[in-house]
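First comes the structure, then the notes that go with it.
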Amino acid sequence: MTIEFDDTLITQNELIDSQHKELIGRIKKFVDSCEKRDSKADAIRMLDYLADYTDFHFSAEEKLQEEVGYPGLDEHKKKHEEFKKSLKSLDEYLEEAEGPTEDFVAQVKKKVVDWLFDHIKTFDRSVAEYIFLVDNPDRL
């Protein structure tokens with residue numbers, strides 16, 4: 001699986017897209033590290049770093065949605081919480097394991113990579129489209 005920001009993930013919102021690029025870059029480094037079977041401590045540190053950036057990004061997205069009066073904010077917040085729970089479960093799994101295993105990497109790809117790419121292509125793109133319409137009412 002390729003983990004990189006590409007045209008299918010563009011929302012046309014500069015803030016959202018720049019943060020998604022950063023988030024995906026961090027995820028790629030994390031997965032690469034796990035696939036190389038780097039130390040458990042390195043994997044935990046990278047997962048913590050990823051969780052911190054995720055909190056920052058989700059807060060920024062939710063603030064932006066509040067500012068523009070996005071009608072799907074509550075549902076979007078629930079999706080963000082779902083992702084945070086996945087990160088927490090991965091952290092717990094890693095704490096109990098010897099280090100990043102093949103099974104752990106598979107879970108990361110499913111719970112983080114697949115989830116995030118799908119979320120960007122649906123929920124985040126919807127937010128960006130709403131913002132575009134709010135900013136360009138003559139397009140209606």
Side-chain angles (χ1 to χ4, degrees):
M1 163 181 258
T2 302
I3 304 172
E4 63 183 49
F5 188 88
D6 63 27
D7 291 349
T8 66
L9 300 172
I10 294 174
T11 66
Q12 299 295 331
N13 180 284
E14 190 174 319
L15 173 69
I16 293 172
D17 287 341
S18 67
Q19 289 185 3
H20 285 163
K21 286 177 187 175
E22 177 70 20
L23 184 57
I24 290 167
R26 290 176 188 223
I27 291 168
K28 180 177 178 16
K29 287 178 184 174
F30 176 60
V31 171
D32 288 347
S33 171
C34 290
E35 287 178 335
K36 292 178 194 168
R37 304 292 186 264
D38 285 353
S39 75
K40 179 178 176 176
D42 287 342
I44 290 171
R45 187 171 48 254
M46 291 183 83
L47 185 57
D48 288 346
Y49 191 61
L50 176 60
D52 288 345
Y53 191 81
T54 298
D55 285 342
F56 165 76
H57 170 64
F58 287 169
S59 292
E61 266 191 6
E62 291 167 8
K63 182 179 179 207
L64 178 63
Q65 291 173 47
E66 286 173 6
E67 289 172 355
V68 299
Y70 181 64
L73 175 60
D74 288 339
E75 184 179 3
H76 208 121
K77 282 183 176 182
K78 287 177 187 172
K79 288 296 184 181
H80 286 170
E81 288 305 314
E82 177 183 298
F83 187 78
K84 290 178 187 180
K85 286 179 184 174
S86 290
L87 289 179
K88 184 167 177 45
S89 74
L90 289 169
D91 185 57
E92 290 167 358
Y93 180 100
L94 193 55
E95 288 285 347
E96 294 174 13
E98 296 283 325
T101 62
E102 280 186 39
D103 181 52
F104 180 77
V105 172
Q107 286 188 42
V108 168
K109 288 181 179 177
K110 179 181 177 188
K111 293 180 178 182
V112 175
V113 179
D114 292 349
W115 185 95
L116 183 64
F117 281 39
D118 181 62
H119 181 79
I120 291 170
K121 291 175 183 179
T122 56
F123 282 85
D124 289 346
R125 194 170 277 158
S126 176
V127 172
E129 289 169 2
Y130 179 83
I131 292 169
F132 178 80
L133 291 174
V134 166
D135 290 345
N136 300 280
D138 55 316
R139 296 280 190 136
L140 293 175

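Note that the structure is a prediction, hence the values are computed from the model and not measured.
Ser126 places no side-chain N or O within 3.5 Å of a backbone atom of Thr122 that could act as its donor or acceptor partner. Not one N or O on the side chain of Lys109 forms a donor-acceptor pair closer than 3.5 Å with the backbone of Asp114. A distance-only check finds no donor-acceptor pair linking the side chain of Asp17 to the backbone of Ile10 [under 3.5 Å]. The backbone N or O of Asp55 lies less than 3.5 Å from no partner atom in the side chain of Lys84, so there is not a single donor-acceptor pair.
Minimum heavy-atom separation, Phe117 to Ile3: CZ-CA, 4.4 Å. Nearest heavy-atom pair, Asp7 versus Arg125, reported as atom, atom and distance to 0.1 Å: O-NH2, 4.3 Å. Of all non-hydrogen atoms in Phe104 and Cys34, the two that sit nearest each other are CE2-SG, 3.7 Å. Across every non-hydrogen atom of Trp115 and Phe83, the tightest pair is CE3-CD1, 3.0 Å.
Residues Leu64 and Glu67 form a side-chain contact, since some pair of their non-hydrogen atoms from C-beta on lies under 4.5 Å apart.
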- Decide side-chain hydrogen bond (donor to acceptor under 3.5 Å, both in side chains) for Asp6 and Thr8; before the verdict, give the C-alpha distance in whole Å, the side-chain angles of both, and the deciding distance to 0.1 Å. CA-CA 6 Å; Asp6 63 27; Thr8 66; 2.5 Å; yes
- Start with the C-alpha distance between His76 and His119, add both sets of side-chain angles, then the distance that settles side-chain hydrogen bond (donor to acceptor under 3.5 Å, both in side chains), and finish with yes or no. CA-CA 9 Å; His76 208 121; His119 181 79; 3.1 Å; yes
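Ion pairing between a basic and an acidic side chain is recognised when a charged N comes within 4.0 Å of a carboxylate O; Glu92 and Lys88 show such pairing. For the pair Asp32 and Lys28, the salt-bridge criterion is met [side-chain N within less than 4.0 Å of a carboxylate O]. A salt bridge between Glu82 and Lys79 is present, with a side-chain N of the basic residue lying under 4.0 Å from a carboxylate O of the acidic one.
Cluster membership check: Leu116 shares its hydrophobic cluster with Phe30, using side-chain heavy-atom separations under 4.5 Å among Ile, Leu, Val, Met, Phe, Trp and Tyr. The cluster map of Ile, Leu, Val, Met, Phe, Trp and Tyr, joined by side-chain heavy atoms under 4.5 Å apart, puts Leu23 and Tyr49 in different clusters. Hydrophobic clustering keeps Phe58 apart from Leu73 (ILVMFWY residues linked when any side-chain heavy atoms are closer than 4.5 Å, directly or through intermediates). The cluster map of Ile, Leu, Val, Met, Phe, Trp and Tyr, joined by side-chain heavy atoms under 4.5 Å apart, puts Leu47 and Ile24 in the same cluster. Both Tyr93 and Leu87 are members of a single hydrophobic cluster when ILVMFWY side chains are connected at heavy-atom separations under 4.5 Å.
With a 6.0 Å radius and a threshold of 12 heavy atoms from other residues, nucleotides or ligands, Glu98 has its CD atom at or below the threshold. More than 12 non-hydrogen atoms from other residues, nucleotides or ligands lie less than 6.0 angstrom from CD of Glu66. Other residues, nucleotides and ligands contribute over 12 non-hydrogen atoms within 6.0 Å of the CD atom of Glu22. By the neighbour-count criterion of 12 heavy atoms within 6.0 Å, atom NZ of Lys121 is densely surrounded, having more than that number from other residues, nucleotides or ligands.
Between His20 and Phe5, the angle of the ring planes lies from 30° to 60°, which puts this pair in the tilted group. Between Tyr53 and Phe56, the angle of the ring planes lies from 30° to 60°, which puts this pair in the tilted group.
Taking CD1 of Ile16 as the start and CG of Asp124 as the end, the distance is 6.0 Å to the nearest 0.5 Å. For the atom pair Lys77 NZ and Glu61 CD, the distance stands at 12.0 Å (nearest 0.5 Å). Atom CG of Leu90 and atom CG of Leu94 lie 8.5 Å apart (nearest 0.5 Å). Atoms CG and CD, from Asp74 and Gln65 in turn, are 10.0 Å apart once rounded to the nearest 0.5 Å.
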May I have the list of side-chain donor-acceptor pairs in residues 128-135 shorter than 3.5 Å, sequence neighbours left out?
{"residue": "Tyr130", "atom": "OH", "partner": "Gly69", "partner atom": "O", "Å": "3.2"}

